[in-house]
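Just so you know, residue 1 is the first one in the sequence shown, and it goes up from there.
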Amino acid sequence: MPSVELSPQQEADPREAVTLLQRDLRSSPAGLSGREAARRLVQYGPNELPRTRSMHWLADLAGQFSHPLALLLWLAAALAALEGTVVLAVAIVAVIMLNALLAFAQQHRAEQAVAALAGYLPEQATVLRDGRDSVIPSSQLVPGDVVLIAEGERISADARLLDGSIEVDLSELTGESLPVTRSAQLVDTTGPILQARDLVFSGSTCTQGAARAMVFATGPHTELGRIAALTRRTRRDVSPLEHQVKRVAWLIGAIAVGIGLLFLPIGTFAAGMPLSDAANFAIGLLVANVPEGLLPTITLALAVGVRELARMGAVVKQLSAVETLGSTSVICTDKTGTLTRNVLTPVSLWTLDGETDLGNRAAATTALDAAVGACLWRCSTASIDPDDVGHGDPTEVALLTATRRLGVAIGTDRESSRRALYAFDPALRMMSTVDATDGELWLHTKGAPEEIIERCVSILDADGAEHPLDPALRRAAAAASEGYASSGHRVIAAARHRLDHDPGDRAQLEQRLCLLAVVAMIDPPRPEAAGAVEACRSAGIHIIMITGDHPGTARTIATQVGIADQDTPVMTGEQLDTMPEAELDRLVSGNRNLVFARTSPEAKLRIADAVRATGHVVAMTGDGVNDAPALRHSDIGVAMGRSGTDVAREAAVMVLTDDNFATIVAAVSAGRRVYANVRKFILYIFAHAIPEIVPFLIFALSGGAVPLPLTVLQILVIDLGTETLPALALGREPAEPGVMNQPPRRKHSGIITGRLLARAWGLLGTSSAILVTAGFFAVLLHAGWRPGADVTAASPLHEVYLQATTMSFLGIVACQIGTAFAARTDRVSLRTVGLFSNRLLLWGIGFELLVAAAVCLIPGLDTVFGTSLPPAWALGLLPILPITVWGVDETYRAAQRRSATRAAQHRPARHQPR
């Protein structure tokens, strides 16, 4: 019997000696070749946890039968059954079933749209393949891969550390809230595997440091895979918009039931109506008040908005964020990479010998050059491959470029000679390494010039000799740094110190340094940033720049892109630390742009809380591990997709795949458009309640002297058949001109406002009801009908009555067309947006006309729905109805524009920045 070959995941013991582990995994510290990795990927499968299908869909489907709008229809069906109208009861139940299935399908599609966004943000890992650093999807990791772990990255597989020391957040696996240290030097061979100090595990996050590790388990073979046999699934968040609409649905239901209960005794006792007629009235009132498909259509509209934002480069992880974007009033933004290109180029170097142009340097000529280059190379975790492609932090890559321009060769012994690495600390604004070179132990440090210079006691000259850093030299170094920063450069200082003992406490090591150089790099603004800032100004959105850079650099960039002018305050982190909460609230509550420089990530959280406390809706950008609290506490946390850490991306609601400030502004614009389209859809739906309710009121108030101008089945055709596609098309309406020239909506303003209801019910609804009622009476009176005349099946007027109700039905359909065109704009004229710019609406109207024609002309359907084609002269009046409805609303919007223009002429000019 042939032996069964065990996979490396089965035979490798992660706690055995490193050399034995490498043998078992058939790997080496240089990693795998691309061909071998591809073979193992086929053999062992992708690095993913097994997924099982969730059965939540049953609960979702059941929920479609119990939301407020469905409950109203259930009540109507029950009343019809009790009254003995079985056909009507069956029809209403059929509508409930059809509507529930449609709603479930739309919600499922919305969830799929959001879930599909994971493809825009695949988790990635940096591995050694073919001897080079490569960034690959984490799903392609295989046993034997050597991964490079950096601060802020999520660890995607179980691995053994080969070198380096890191802090890891294991809360995903162990529940521990504090990070724990993991180091290649801390070897544990006994005890629980999760406590082994030289192992890291899938699902954990590196919060500090850098290391290399060899993967020994992937996918279901990881500790996370064993603990979580089934994928946890988070239920879809219900958007605040859906909460608002659901509350309105309950309000509509209460009004409908209240009116029905009020008119039931009036119709029965005061008007002398038979109980059956009064019951028909109550049923019709309920059905007429139900906007079928409202909730799922809103969900779908938000999901469509999410997908469109993703195409722009803004991946939104929650449906509710789309509507929040529409009300954003303050954007707190980083500078580097967001407003600038994040492509740093070293341009100048200041040393004791003066200023040097790095653009022309090709070879090292002094001991000082060699010392500066060695410090910048060793105090780094970045790399440049043979194709001159940089890997790592852009600032560190630029400093490696400066090393090359100084003529210093970038060696291969950096990691092997490193004794300790103290990662960049945002509070200290420094990074240090301890390196063994030529038998000596050196501390290499780089960071913010004011922090480095303060810790220096000497300075190196061209021959490699140290001189005391007297006050004059200290002022010269500070002046050089200030000069670079004030002209918009990114400035980094480099220093070193010879050690006579092994690494100890960081605070003690980073003292009594020798200043080597001040390096100036340029990171120009993005060309589109100024236009995006101007769009914010027009939209009433204020910008707060928060950066760790020098105040001079911050002001220069802020001025270049239009955020700041000479009157814009530039606050430093020190000033912010001493500022009382009340003063900070007053500072951020003003309608002006602000700049905060030399701030820590903790300051971001404080600024975000202050902005929110003053009633603003804030979008906060961030990319680092320490930015996560501020991203969570803001209304819209925005993480960087390219330069951001996994921790920041997880904490954020929106991720920019291009790290571009202009994308934030485009997302706000798209959010406003989606929000406005939802309002247009609601306006369109609500406007039809009046012409559907008025016929029943006429019937009830006349005591039956006027027959029902519209049947319940015809209302069902209107609400579920003719208005559905146009309503959906309004959700895809292009942005209305001027959408970014309006101030942000208030934070707690509802989607359904008094103005919207007045326009829907008072203007569009009332004008439609008048026209529909006029058409109904015109057909009846033209045929000789008088109030109280018999129109039952045995009456000669019955055919005329069918024609009159059909005229009401067709009149509502015609008015729907006018309402649809009117609802396309909130303030501007229809000519401004273009009559044919929304082709989906034209197709929807075409479908609407086909449904209406089928109900009236197809034999059998006309009998079911009680329709009969009106006379030719009546049909000739129908084209007038949509033009009239649209014309009334167009006149109203023109008056609104004139009023707004007059108000603007008398309003003081708004100045930004100030």
Interatomic distance, [X] atom [atom1] to [Y] atom [atom2] [nearest 0.5 angstrom]:
| X | Y | atom1 | atom2 | answer |
| --- | --- | --- | --- | --- |
| R419 | T437 | CZ | OG1 | 10.0 Å |
| T445 | Y422 | OG1 | OH | 10.0 Å |
| T222 | L141 | OG1 | CG | 11.5 Å |
| T433 | L443 | OG1 | CG | 7.0 Å |
| D413 | R418 | CG | CZ | 10.5 Å |
| H221 | Y44 | NE2 | OH | 9.5 Å |

Is there a donor-acceptor pair under 3.5 Å between the side chain of [X] and the backbone N or O of [Y]?
| X | Y | value |
| --- | --- | --- |
| T657 | G313 | yes |
| Q195 | P192 | no |
| K446 | S432 | no |
| T663 | D659 | no |
| D24 | L21 | no |
| S380 | A382 | yes |
| H497 | L513 | no |
| R154 | G203 | yes |
| D145 | V147 | no |
| T553 | A485 | yes |

Any idea which heavy atoms bring [X] and [Y] closest together, and the distance?
| X | Y | value |
| --- | --- | --- |
| V397 | I384 | O-CD1, 4.2 Å |
| A398 | P346 | O-CG, 3.5 Å |
| I149 | C206 | CG2-CB, 3.7 Å |
| V491 | S481 | CG1-OG, 3.8 Å |
| A529 | V561 | CB-CG1, 3.8 Å |
| A371 | R496 | CB-NH1, 3.7 Å |

What do the steps show when you test E451 against L428 for side-chain contact (heavy atoms from CB on, under 4.5 Å), and what is the final call?
-> CA-CA 7 Å; E451 300 292 342; L428 298 175; over 6 Å; no
Minimum side-chain heavy-atom gap [X]-[Y] below 4.5 Å:
| X | Y | answer |
| --- | --- | --- |
| S156 | N47 | yes |
| R414 | W377 | yes |
| Y484 | E355 | yes |
| T218 | P143 | yes |
| V127 | L148 | no |
| V180 | E167 | no |
| L199 | I193 | yes |
| V518 | L349 | no |

Can you tell whether the side chains of [X] and [Y] come within less than 4.0 Å, N to carboxylate O?
| X | Y | answer |
| --- | --- | --- |
| E440 | R498 | yes |
| K604 | D334 | yes |
| K335 | D549 | yes |
| R15 | D188 | no |
| D163 | R212 | yes |
| E510 | R455 | no |

Distance-only polar pair, side chains of [X] and [Y], donor-acceptor under 3.5 Å:
| X | Y | answer |
| --- | --- | --- |
| S383 | D133 | yes |
| Q22 | S28 | no |
| R490 | T395 | yes |

Take I546 and T333 through the side-chain contact (heavy atoms from CB on, under 4.5 Å) test and state the conclusion after the steps.
-> CA-CA 6 Å; I546 307 174; T333 178; over 6 Å; no
Quiz: residues 32-39 side-chain donor-acceptor pairs under 3.5 angstrom, not counting sequence neighbours:
unit_1	atom_1	unit_2	atom_2	d
S33	OG	E36	N	3.1
E36	OE1	R39	NE	3.2
E36	OE2	R39	NH2	2.8
E36	OE2	R40	NE	2.7
E36	OE2	R40	NH2	3.4
R39	NH1	Q43	OE1	3.0

T381: partners by side-chain hydrogen bond (donor to acceptor under 3.5 Å, both in side chains), with sequence neighbours left out |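 Checked T381 against side-chain hydrogen bond (donor to acceptor under 3.5 Å, both in side chains); matches are E396.
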Applying side-chain contact (heavy atoms from CB on, under 4.5 Å), run through V168 and T205 and close with a yes or a no.
-> CA-CA 6 Å; V168 181; T205 302; over 6 Å; no
Give the intermediate values and the outcome of salt bridge (Lys or Arg N to Asp or Glu O under 4.0 Å) for residues D198 and R160.
-> CA-CA 6 Å; D198 56 345; R160 168 79 173 267; 2.9 Å; yes
side-chain contact (heavy atoms from CB on, under 4.5 Å) between T621 and M640, intermediate numbers included = CA-CA 7 Å; T621 69; M640 303 298 110; 3.9 Å; yes
